[in-house]
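Each ligand, and each atom within it, is numbered from 1 in the order the structure gives. Everything numeric here is computed off the predicted structure, so don't read it as measured data.
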Amino acid sequence: MSDITLDPIGVFDSGVGGLSVLRAMRKQMPNESIIYFGDQVHVPYGPRSMEEIQKFSEGITRFLLERNAKLIVVACNTASAAALKYLRGRFPDIPFVGMEPAVKPAAESTKTGKVGVLATPATFQGALYASVVERFGAGVELFQHTCPGLVNQIENGELDSQATRTILENALRPMLEKNIDTVVLGCTHYPFVIPLIQKIVGENVRVIDPAPAVARQVNRLLEANGKQAQSPVGDQIRGEATMRFFTSGDVAAMKSLLPVLLGVDGNVESAMWKNYSVF
Ligand code: DGL
């Protein structure tokens, strides 16, 4: 009989951004197998409509469930803003973990009371962001920026180029002039440019990568559902935790980014869309 605890966790994003969440999950849960889906043929999601993002998210969720995903991580703020509620309604028996901009820890730790938030247009427009601001943003002044073009720069592996720096400077300089002391990364692509962000804002500004907290939430939810991968018991040997990567875009492009973003090599498999289903 198959053992559900050995089934993989499904993780998806519009592209390679969700790898920042996968990285934190691997660190905290090395026993867990993971299937990753990057919808690179459709990246970026940020400028797309809520309805379209919901359809993509549903198609990817079905794809991951067909491969026995025991829990799904929507490792994309934009897809979480547009589709997390929708997915929970469509798949009521599946545990989902999504992303929300980390306004809460920022509001708790800011000294100046001024916080910058970097995210996509769809994330800022969604009800999820409005609710986070309403719940945790009282007494804090938030400065938002959509960093146009930054997702594509990261998809191209340009983590430290002049063009990437210019996008970030345009976003961050006006916030620094307003005396922010905290930057919230509300897009899972952005943790890959933290070294560059930190160079621009200086060491005294705290940059919040939400991935470790999300990985902890995944772990808690697996435990609560009795789905955590078990360590080998007695002489019962289980296989190594595996990682599978799928892209709807260019296989070679994702493969070449894995060592840059994750520090490991990996095999990348191709997945094709047809009528909002993935095969
Ligand atoms: N990683 C996605 C997010 O967290 C990228 C956004 C996009 O595809 O525009 O929002």
Side-chain angles (χ1 to χ4, degrees), residues 10-25 36-57 59-61 72-87 96-103 116-130 132 144-159 164 167-168 171 183-194 197 207-215 217-218 245-250 253-254 257-258 260-262 273 278:
V11 180
F12 79 88
D13 178 49
S14 58
V16 293
L19 295 175
S20 66
V21 180
L22 181 145
R23 178 172 65 176
M25 289 168 57
Y36 185 87
F37 187 100
D39 192 10
Q40 290 179 293
V41 80
H42 294 134
V43 72
Y45 277 6
R48 293 178 186 273
S49 74
M50 297 279 169
E51 292 70 29
E52 194 175 30
I53 299 168
Q54 286 173 358
K55 284 184 185 165
F56 292 152
S57 300
I60 297 166
T61 297
I72 306 251
V73 183
V74 184
C76 174
N77 288 78
T78 308
S80 298
L84 189 57
K85 208 169 156 197
Y86 172 84
L87 291 173
F96 285 93
V97 173
M99 310 293 303
E100 63 177 29
V103 170
V117 185
L118 309 182
T120 67
T123 296
F124 284 132
Q125 280 152 26
L128 191 60
Y129 183 67
V132 164
Q144 291 137 15
H145 204 286
T146 59
C147 301
L150 185 55
V151 166
N152 284 338
Q153 290 297 108
I154 294 165
E155 286 289 322
N156 292 332
E158 288 197 35
L159 307 185
T164 306
I167 294 171
L168 282 168
V183 176
V184 171
L185 303 183
C187 169
T188 54
H189 279 75
Y190 300 171
F192 291 119
V193 288
I194 286 178
I197 294 175
V207 180
I208 302 185
D209 172 5
V214 171
Q217 172 62 8
V218 171
F245 299 95
F246 289 91
T247 180
S248 59
D250 184 350
M254 186 190 264
L257 276 179
L258 291 179
V260 180
L261 302 180
L262 281 186
W273 283 101
V278 206

*Can you list the steps and then say if His189 with Glu155 is a side-chain hydrogen bond (donor to acceptor under 3.5 Å, both in side chains)?*
CA-CA 8 Å; His189 279 75; Glu155 286 289 322; 2.7 Å; yes
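Note: His42 and Trp273 have tilted aromatic rings, judged against thresholds of 30 and 60 degrees for the angle between ring planes. Ring-plane geometry between Tyr36 and Phe245 is classed as tilted, the angle between the planes lying from 30 to 60 degrees on a 0 to 90 degree scale.
For Pro47, the side-chain contact (heavy atoms from CB on, under 4.5 Å) partners at least two apart in sequence or on another chain are Pro44.
The two residues Ala79 and Ile53 come nearest to each other via the heavy atoms CA-CG2, 3.8 Å. Minimum interatomic distance between Gln40 and Gly15 (heavy atoms only, all atoms of both residues): CG-CA, 3.7 Å.
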Polar pairs, ligand 1 vs protein, N/O only, below 3.5 Å.
| unit_1 | atom_1 | unit_2 | atom_2 | d |
| --- | --- | --- | --- | --- |
| ligand 1 | 1 (N) | Asp13 | OD1 | 2.8 |
| ligand 1 | 1 (N) | Thr188 | OG1 | 2.8 |
| ligand 1 | 1 (N) | His189 | ND1 | 2.8 |
| ligand 1 | 4 (O) | Asn77 | N | 2.8 |
| ligand 1 | 4 (O) | Asn77 | OD1 | 3.4 |
| ligand 1 | 4 (O) | Thr188 | N | 2.8 |
| ligand 1 | 4 (O) | Thr188 | OG1 | 3.2 |
| ligand 1 | 8 (O) | Ser14 | OG | 2.6 |
| ligand 1 | 8 (O) | Tyr45 | N | 2.7 |
| ligand 1 | 9 (O) | Tyr45 | N | 3.2 |
| ligand 1 | 9 (O) | Gly46 | N | 2.7 |
| ligand 1 | 10 (O) | Thr78 | N | 3.1 |
| ligand 1 | 10 (O) | Thr78 | OG1 | 2.6 |

